[in-house]
Number of protein chains: 2
Amino acid sequence: MKGHLDLVLLGVLSRGAGHGYQVITRLREQTGGALDLPEGSVYPALHRLEDLGLLTSEWHPVAGRRRRVYSVTAEGRAALNAQRRDWRALVQAVESVLEPGRRVGAVSS
Amino acid sequence: MKGHLDLVLLGVLSRGAGHGYQVITRLREQTGGALDLPEGSVYPALHRLEDLGLLTSEWHPVAGRRRRVYSVTAEGRAALNAQRRDWRALVQAVESVLEPGRRVGAVSS
DNA sequence: CCTCATACCTCGGCATCTTAGGTATCACGA
DNA sequence: TCGTGATACCTAAGATGCCGAGGTATGAGG
């Protein structure tokens, strides 16, 4: 995860609000364990994204515990779209290097 | 290009030996300008890969100029395969986050 | 009680990449 | 002939960005 953290965080939260710990478990489950991000990466990233205005958070007290639930803002959705475009362009570029001559189309359609 | 430099360098050199400047132009042309790496990224990376034993180099004097031509070693090919696997796994994981419910298969087959 | 899972946080370190500058040859045109 | 752009190499210092390690706290289960 180098340079793609924001993308996956915005991506997973765009599917529904959630708190930090949940983001981690969601990613782990949705990817079959391929993406198992450490808390030390996720929490600071969420704070940064909130500072940038791409996320908002609310505290929810739940059974004596407190949870900070994050939602993607309109700006966040725009940023997600932009980063998704960049990601796809990167994938295409790298694939065209790894498999020259093979036309790697969009991921699906 | 954060964390994927080695992959693309090994990838492009695995298609044929070449010198540093040529690596840059090849990548720029093969990707339609999408990958335009600065020299300050490429040269140190090539040196690092050579130190790791993944590349070997030879000086070729050409028309008054000198070129350092790099080739991928056997170890380099093995590393390329490993990094390619990791790359594909990353792509799959990220795509499964961006497009949940859609089964994104291997990039080709 | 003690441990595990839940749930949050921060600091320091590390690896990596980029910026910015430097050297040198050759070809071309003014 | 002199400047400029392309070719071709290099490095040092800085910024970036992630991770590991550590810390706090509650609730459940043994």
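In this text the structure is predicted, and so the values were computed from the model without any measurement. Values below: every heavy atom of this structure, side chains too, minus hydrogens, waters and symmetry copies.
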Notebook entry, point to check: Any side-chain heavy-atom pair from R66(A) and H19(A) closer than 4.5 angstrom?
Noted result: no
Notebook entry, point to check: Checking all strands, does L37(A) fall into the base, sugar-phosphate, or nothing category for heavy-atom contacts under 4.0 angstrom?
Noted result: nothing
Next item on the list: Take the protein atom CG of L5(B) and the nucleotide atom C1' of dT18(C), then report the distance between them rounded to whole Å.
Entry: 11 Å
Check: Considering only heavy atoms from C-beta outward, does the side chain of L7(A) approach that of L98(B) to under 4.5 Å?
Finding: yes
Check: Taking for each residue the nucleotide of DNA chain C bearing the nearest heavy atom, is the 5' side occupied by H19(A) or by K2(A)?
Finding: H19(A)
Next item on the list: Using atom CZ of R26(A) as one end and atom P of dT6(C) as the other, report the distance to the nearest whole Å.
Entry: 15 Å
Margin query: Expressed as a whole number of angstroms, how long is the span from L9(A):CG to dC19(D):P?
Written below: 10 Å
Checklist line | Connected-component partners of V69(A) among ILVMFWY, side-chain separation under 4.5 Å | finding: none
Checklist line | Side chain R67(A), main chain V62(A), donor-acceptor under 3.5 Å | finding: no
Checklist line | Minimal non-hydrogen separation, L10(B) against G76(B), with atom names | finding: CD1-O, 4.1 Å
Side chains of residues 47-55 of chain A: which donor-acceptor pairs under 3.5 Å do they make with residues two or more places apart or in other chains?
residue : atom : partner : partner atom : Å
H47(A)  : ND1  : Y43(A)  : O            : 3.4
R48(A)  : NH1  : D6(A)   : OD2          : 3.2
R48(A)  : NH2  : D6(A)   : OD1          : 3.0
E50(A)  : OE1  : S57(A)  : OG           : 3.4
E50(A)  : OE1  : R68(A)  : NH2          : 3.0
E50(A)  : OE2  : S57(A)  : N            : 3.2
E50(A)  : OE2  : S57(A)  : OG           : 2.8

Next item on the list: Give a yes/no answer on whether the side chain of Y21(B) brings an N or O atom under 4.0 Å of OP1 or OP2 in dC9(D).
Entry: no
Margin query: Quick check: do H4(A) and M1(A) have side-chain heavy atoms less than 4.5 Å from each other?
Written below: yes
Margin query: If you compare all heavy atoms of A45(A) against all heavy atoms of L9(A), which two are closest, and at what distance to 0.1 Å?
Written below: CB-CD1, 3.5 Å
Check: Just how far, in rounded Å, is P of dG17(D) from CE of M1(B)?
Finding: 15 Å
Checklist line | Sub-4.5 Å side-chain heavy-atom contact between T25(A) and R28(A) | finding: yes
Note to self: What is the distance, to the nearest angstrom, from the CD1 atom on I24(B) to the P atom on dA6(D)?
What the structure shows: 14 Å
Margin query: Under the rule for salt bridge (charged side-chain N to carboxylate O under 4.0 Å, His left out), what residues qualify as partners of R65(B), not counting sequence neighbours?
Written below: none
Collect all protein-nucleotide pairs involving nucleotides 22-26 of chain C in which both atoms are nitrogen or oxygen and the distance is under 3.5 Å.
residue : atom : partner : partner atom : Å
dT25(C) : O2   : R65(B)  : NE           : 3.2
dT25(C) : O2   : R65(B)  : NH2          : 3.3
dC26(C) : OP1  : A63(B)  : O            : 3.3
dC26(C) : O4'  : R65(B)  : NH2          : 3.4

Checklist line | Heavy-atom pair with the smallest gap, counting every atom of S41(A) and L5(A) | finding: O-CD1, 3.8 Å
Item checked: Non-hydrogen side-chain atoms of V23(B) and L37(B) separated by less than 4.5 Å -> no
Notebook entry, point to check: Per the end-axis method with five pairs at each terminus, what is the bend angle of the helix from dC1(C)-dG30(D) to dA30(C)-dT1(D), to 10°?
Noted result: 0°
Note to self: Among dC10(D), dT19(C), dA8(D), which nucleotide has an atom closest to any side-chain atom of R67(B)?
What the structure shows: dA8(D)
Check: Base, sugar-phosphate, or nothing for G40(B), non-hydrogen atoms under 4.0 angstrom?
Finding: base
Item checked: Rounded interatomic separation in angstrom, taking CZ from R68(A) and C1' from dA7(C) -> 12 Å
Next item on the list: Strictly below 4.0 Å, heavy-atom distances to any atom of DNA chain D: list the hits from residues 42-60 of chain B, or just say none.
Entry: Y43(B), P44(B), H47(B), W59(B)
Checklist line | First of V69(B) and S41(A) reached from the 5' end of DNA chain D, by closest nucleotide | finding: V69(B)
Item checked: Spacing of H4(A) atom NE2 relative to dT16(D) atom C1', expressed in whole Å -> 14 Å
